[in-house]
Amino acid sequence: MPRLNLQEAIRLLARLAGWRGAPSDGEPGAESVEEGLRRLTDWVSGWRFMRPKAMKKLMPTMKNLTSQMVAVESMVKMMRRAALQMRSL
């Protein structure tokens with residue numbers, strides 16, 4: 001999984017919330033980032049819920065996905081800290 005810088009990660013999260021990224025849109029705000037974090041957290045929760053049931057059928061694929069989800073979860077933590085910092089500005 002390629003490493004993202006903070007600006008790329010913020011934009012990806014904002015896209016989950018509907019931010020389009022058009023030149024006239026400017027940079028995403030704290031609300032877009034927060035909504036993107038909520039949606040990503042929901043996806044991660046769903047993945048965690050389904051993981052035990054799917055593990056038997058998808059064992060080879062799941063090992064790769066697990067390492068990717070660990071990376072995503074660490075990105076979520078980083079983005080939460082960034083969103084809190086953006087709110088305090």
Side-chain angles (χ1 to χ4, degrees):
M1 178 178 230
R3 293 187 63 96
L4 301 174
N5 64 38
L6 185 57
Q7 183 181 24
E8 292 168 336
I10 287 172
R11 287 179 176 184
L12 286 173
L13 284 172
R15 288 181 85 86
L16 290 176
W19 178 77
R20 294 176 302 137
S24 61
D25 287 347
E27 291 298 317
E31 290 179 12
S32 296
V33 173
E34 184 178 12
E35 179 63 26
L37 277 171
R38 274 196 214 112
R39 290 184 184 199
L40 182 61
T41 302
D42 290 344
W43 290 354
V44 169
S45 297
W47 177 81
R48 284 181 172 168
F49 176 75
M50 294 301 295
R51 184 174 57 182
K53 296 173 185 175
M55 190 65 89
K56 293 176 186 172
K57 294 180 183 177
L58 302 173
M59 189 60 143
T61 306
M62 291 303 288
K63 288 182 181 179
N64 186 26
L65 288 175
T66 301
S67 65
Q68 290 178 358
M69 288 307 294
V70 167
V72 168
E73 288 175 338
S74 66
M75 185 184 80
V76 167
K77 289 177 186 176
M78 178 186 73
M79 296 308 300
R80 283 189 176 140
R81 287 192 299 265
L84 289 173
Q85 288 176 350
M86 287 175 65
R87 282 188 151 189
S88 66
L89 296 178

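Because the structure is predicted, anything quoted here is derived from the model rather than measured.
Ser32 and Ala17 make their closest contact through O-CB, 3.3 Å (heavy atoms, listed as atom of the first residue, atom of the second, distance). Heavy-atom minimum distance, Ala9 versus Met78: CB-CE, 4.2 Å. Here the closest non-hydrogen pair linking Trp19 and Glu27 is NE1-C, 4.2 Å.
Residues Val44 and Ile10 are members of one and the same hydrophobic cluster, defined by side-chain heavy-atom contacts under 4.5 angstrom among Ile, Leu, Val, Met, Phe, Trp and Tyr. A chain of hydrophobic side-chain contacts below 4.5 Å, direct or via other Ile, Leu, Val, Met, Phe, Trp or Tyr residues, connects Leu6 to Leu40.
Considering OG1 of Thr41 and CZ of Arg80, their distance stands at 4.0 Å, rounded to 0.5 Å. The CG atom of Leu12 sits 7.5 Å away from atom CG of Leu16, with the distance rounded to the nearest 0.5 Å.
For the salt bridge (Lys or Arg N to Asp or Glu O under 4.0 Å) test, residues two or more places apart in sequence or in another chain that qualify with Asp25 are Arg20. Applying the salt bridge (Lys or Arg N to Asp or Glu O under 4.0 Å) rule to Arg38 yields the partners Glu34, Glu35; only residues at least two apart in sequence or on another chain are considered.
Counting non-hydrogen atoms of other residues, nucleotides and ligands closer than 6.0 Å to CD of Glu31 gives a total of 12 or fewer.
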